[in-house]
Amino acid sequence: QVQLRESGGGSVQAGGSMRLSCVASGPYVSIGWFRQAPAREREAVAVVTKNGNLEYGHFVEGRFTISKDSVRNKVDLQMNNLSLEDTGMYYCAVGRWYTGPWNRADRYHTWGRGTQVTVSS
């Protein structure tokens, strides 16, 4: 079974940038990022499918970019112009699907442990 390892979280001031990485130990079809803030539901941030399709959450508004490195079997999430609302635990997840609703957490079968992102004013 594939295992996921996230890295790159930390603290940053509002307006700053941060890059998250997720390395997968095995094969997958689609890989994406979710996030969860305290007392809020987990929400989908971005996904890239095996055929290269990209999807982003409505709140991204052009600030984040997801990219996949198939050679290193990893996916990065570049986050720019971060705001306080972006604070949360960010999780990498993989799914076996090629199409369909990408933002449903139940469609992802394996999750990483998460990496904390804290944006301060």
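Values reported hereafter were calculated over all heavy atoms of this structure, with side chains retained and with hydrogens, waters and symmetry mates removed.
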Can you see which heavy atom on [X] is nearest to which on [Y], and at what distance?
X      : Y      : answer
Glu6   : Arg113 : OE1-N, 3.1 Å
Trp102 : Arg107 : N-NH1, 4.2 Å
Pro27  : Val2   : O-CB, 3.9 Å
Ala46  : Leu77  : CB-CD1, 4.2 Å
Ile66  : Val75  : CG1-CG2, 3.5 Å
Arg40  : Gln36  : O-NE2, 3.1 Å

Taking C-beta and beyond as the side chain, do [X] and [Y] meet within less than 4.5 Å on heavy atoms?
X      : Y      : answer
Glu61  : Asn81  : no
Gln3   : Thr110 : no
Leu20  : Met79  : yes
Arg42  : Tyr91  : yes
Val119 : Met18  : no
Asn73  : Val23  : no

Above 12 or not: heavy atoms from other molecules or residues under 6.0 Å from CD of Gln116?
yes
State yes or no: do Leu54 and Val47 share one hydrophobic cluster built from I, L, V, M, F, W and Y residues joined by side-chain heavy-atom distances below 4.5 Å, directly or via other members?
no
With hydrophobic residues grouped by side-chain heavy-atom distances under 4.5 Å, do Met89 and Phe34 end up in a single group?
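Cluster IDs for Met89 and Phe34 match.
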Is Lys74 reaching over with its side chain to a backbone N or O of Arg5, donor-acceptor style, under 3.5 angstrom?
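No, the answer is negative, given that no donor and acceptor are paired below the 3.5 Å cut-off.
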Say whether, by atom type as modelled, one donor and one acceptor occur between the side chain of Tyr108 and the main chain of Asn103 under 3.5 angstrom.
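Absent.
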Do Phe64 and Trp33 have ring centres separated by under 6.0 Å?
no
How would you list, by chain and number, every residue that makes a side-chain hydrogen bond (donor to acceptor under 3.5 Å, both in side chains) with Thr115, sequence neighbours excluded?
none
What's the separation between atom CG in Leu84 and atom CD in Gln13, rounded to the nearest 0.5 Å?
10.5 Å
In the hydrophobic clustering that connects Ile, Leu, Val, Met, Phe, Trp and Tyr at side-chain heavy-atom distances below 4.5 Å, which members other than Val29 occupy its cluster, ordered by chain and number?
Tyr98
Under 4.5 Å between side-chain heavy atoms, chaining through other members, with only Ile, Leu, Val, Met, Phe, Trp and Tyr counted: pull out the rest of the cluster around Val71, sorted by chain and number.
none
Apply the test side-chain contact (heavy atoms from CB on, under 4.5 Å) to residues Ser83 and Arg63: give CA-CA distance (whole Å), side-chain angles for both, the deciding distance (0.1 Å), then the verdict.
CA-CA 10 Å; Ser83 67; Arg63 300 179 298 134; 4.1 Å; yes
Residues pairing under side chain to side chain donor-acceptor pair (under 3.5 Å) where one sits in residues 16-25, two or more places apart or in two chains, turn out to be Ser17-Asn80, Arg19-Asp76, Arg19-Gln78, Ser21-Asp76
Ring-face cation contact, Trp97 with Arg104, 6.0 Å cut, 45° max:
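Output no; distance or angle outside limits.
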Tell me which pairs pass disulfide bond (SG atoms under 2.5 Å apart) where either residue lies in residues 25-69, with sequence neighbours left out.
none
Tell me the disulfide bond (SG atoms under 2.5 Å apart) pairs involving residues 11-77, sequence neighbours left out?
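Sorted pair list: Cys22-Cys92.
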